[in-house]
Number of protein chains: 2
Amino acid sequence: MGEKHTTEVSAVNRTIRIIETLRDLQPAGVTEIANAAGQTKSSVYNHLATLENEGYVIKTNGEYELGLRFLPLGEAARQRLSVYRAARAEIEQLGRETGTNAYLSVEERGLATVIFRHLENEIDLGSIGTTVPLTTSSMGKAILAQLPVERVDEIVDRHGFPRMTESSIVDRGALDEELEQIRQQGFALDKGEHVKRLRGVGAAILGPDGEVRGAVSVAGPERELRGPFFEEELPDAVLDVTNVIELKLMENMSV
Amino acid sequence: MGEKHTTEVSAVNRTIRIIETLRDLQPAGVTEIANAAGQTKSSVYNHLATLENEGYVIKTNGEYELGLRFLPLGEAARQRLSVYRAARAEIEQLGRETGTNAYLSVEERGLATVIFRHLENEIDLGSIGTTVPLTTSSMGKAILAQLPVERVDEIVDRHGFPRMTESSIVDRGALDEELEQIRQQGFALDKGEHVKRLRGVGAAILGPDGEVRGAVSVAGPERELRGPFFEEELPDAVLDVTNVIELKLMENMSV
DNA sequence: GATAATTGTTCTTTAGAACAGAACAGCTGT
DNA sequence: ACAGCTGTTCTGTTCTAAAGAACAATTATC
């Protein structure tokens, strides 16, 4: 068993654990973080000192917090996505005009990551950077419906069917049926599959090459999203927007 | 000289260098990054593999990019600032109503960091997470004017007077005079001190405790920002907004 | 206000990890 | 088909990262 050539840098894994712990606990002290991350005080202390020195962590009267130097990294990560640049303004307009929360998400590592949102009401499905399973949201299903079968297989193998609510899809048969329907109608509905009583309408954004680039969705409470508003108006609005974004993506090609 | 007990974790510093290099070069390959960061191929390879495993780096057909997992870290860093939550909507409105780019920034480690912006024109002074010296921008000067002298000393010691343009403030005497004037009129003007021909109007946001929490500014090209619009209308608008934000910060206290 | 308890910081030691460099493999382009 | 890349694996050595104890500083408790 000396064959396992660990190409991993364990000090980096440690730092990542510390940062993620801090994200959830901030502001927090050395001991608190060490306990939560299952590491020793002295080690955590050294890591925090290193991070602080580079501005990735800030110490304010004895407690640590994440530094603003993480901002440009997150920003660089989403700015590299042309769909982000093309969709931003459209998402805002969509939210304003429909009076719902509007989201832009992309698939990364088998999860839908929210990269932009416009809030109109306070029932929020997740802030920037939140990830949701592809099987339990309108955005996720809209994306899945456009991915090649092999990718769907991969993703399902990796993440399974997380049962977020009692309405969540929990087997492959049901998923395939639903995806087929989504492909036919062009949009996906979420009737409380991710969060109970939270509904959503999503549609995929395709690039000029025909590949999925992400998805747009609007979401809100069951009480507001029902009847023709939920089943016709919103789908129409969402499809209009994805359409505009797709056109923008084509224009960008020629630039 | 064996006395220097290095409390720093050098592997972490290495990873940071790699990440920052990748931020500037993405998409990039192993060799490219190794050269730019002054490290060996094999080491960079191992670090990237570790980061990729955690989703902080993504490999797409042989090239590396920053992963979206950085997004929630940056988001957590700014969400912890109450001024961000209080100011967001006001900044957007300010920008829309004045037809200029509007910014929110806070001081961290002696620099003004842009944490939110609303764009109206394309002459942008920096995206989310950008840092600018406190001495060369309206936001920075507005903040400096409200800091205790000792902090100003510290900051000037650390960062000096970066000469961004020929109008930049380059000595302490001129700075003190300017800060005094800013305190009297309540706002700061930037006449091309950061970027030539780029003007700005900024004002500090004070917390209920009287401490600076950040600054608001609007910015645009010299041609548009001049006369009474630059010297009266915009200052009035910016002061109105900082006032509203300050009131919001007080409300939040009682919650 | 004295003492106990807890947290942050420094120090020392040692196992083992990170690194460099070389070797190999897989592409790309010519 | 071959040359010159790049990415990946491997191996040995050095020096670092980590643990634990000791100390200092701070906070809590009575």
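No experiment lies behind these values; they were computed from the predicted model shown. Reminder, nothing fancy here: chain letters follow the sequence lines and each chain counts from 1.
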query = A/H47 side chain N/O closer than 4.0 Å to the phosphate oxygens (OP1, OP2) of D/dA17?
reply = no
inquiry  = With a cut-off of less than 4.0 Å, is there a side-chain N or O of B/T7 near OP1 or OP2 of C/dT10?
reply    = no
Between [X] and [Y], a side-chain donor and acceptor under 3.5 Å:
X	Y	answer
A/S137	A/D190	no
A/S43	A/R14	yes
B/Y84	B/R78	yes
A/N46	B/E8	no

Gap between atoms [atom1] and [atom2], on [X] and [N] respectively (whole Å):
X	N	atom1	atom2	value
A/N13	D/dA17	CG	P	14 Å
A/E8	D/dA17	CD	C1'	16 Å
A/N46	C/dT9	CG	C1'	10 Å

ask   = Which comes earlier along DNA chain C counting from the 5' end, the contact point of A/N35 or that of B/Q39, where each point is its nearest nucleotide?
value =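 Between the two, 5'-proximity favours A/N35.
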ask   = Nearest nucleotide by nearest heavy atom, which residue falls closer to the 5' end of DNA chain C, A/Y45 or B/S10?
value = A/Y45
ask   = Rounded to the nearest 0.5 Å, what separation is found between the CD1 atom of A/I33 and the OH atom of A/Y64?
value =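 The CD1 atom of A/I33 sits 7.5 Å away from the OH atom of A/Y64.
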request  = Rounded to the nearest 0.5 Å, what's the gap from CG on A/L71 to CG on B/L73? Could you check?
outcome  =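 Answer rounded to 0.5 Å: 10.0 Å.
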For nucleotides 21-28 of chain C, which of its nitrogen or oxygen atoms have a protein nitrogen or oxygen under 3.5 Å away, and what is each distance?
unit_1 : atom_1 : unit_2 : atom_2 : d
C/dG21 : O6     : B/S42  : OG     : 3.1

Can you find a heavy atom in the side chain of [X] that is under 4.5 Å from one in the side chain of [Y]?
X	Y	result
A/L175	A/V156	yes
A/S82	A/L249	yes
B/R172	B/D153	yes

request  = Could you identify which residues of residues 50-70 of chain A place a heavy atom less than 4.0 Å from some atom of DNA chain C, listed by residue number, or say none?
outcome  = A/K59, A/Y64
request  = Output the residues of residues 20-29 of chain B in contact with DNA chain C, where contact means a heavy atom of the residue under 4.0 Å from an atom of the strand; sort by number or write none.
outcome  = none
remark   = Residues pairing under side chain to side chain donor-acceptor pair (under 3.5 Å) where one sits in residues 15-26 of chain B, two or more places apart or in two chains, turn out to be A/Y56-B/E20, A/R69-B/E20, B/T15-B/H47
message = Please determine whether a side-chain nitrogen of the Lys or Arg among A/R183 and A/E180 lies less than 4.0 Å from a carboxylate oxygen of the Asp or Glu.
response =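 Yes, charged N to carboxylate O under 4.0 Å.
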query = With sequence neighbours excluded, what pairs up with B/Q79 under the side chain to side chain donor-acceptor pair (under 3.5 Å) test?
reply = B/E75
remark   = Heavy atoms of A/S168 and A/M164 approach each other most closely as OG-N, 3.1 Å
key: Proximal nucleotide (of C/dC19, C/dA17, D/dG7) relative to the B/R14 side chain   = C/dC19
key: Terminal axis angle for the helix from C/dG1-D/dC30 to C/dT30-D/dA1, five pairs an end, nearest 10 degrees   =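 About 60° separates the two local helix axes.
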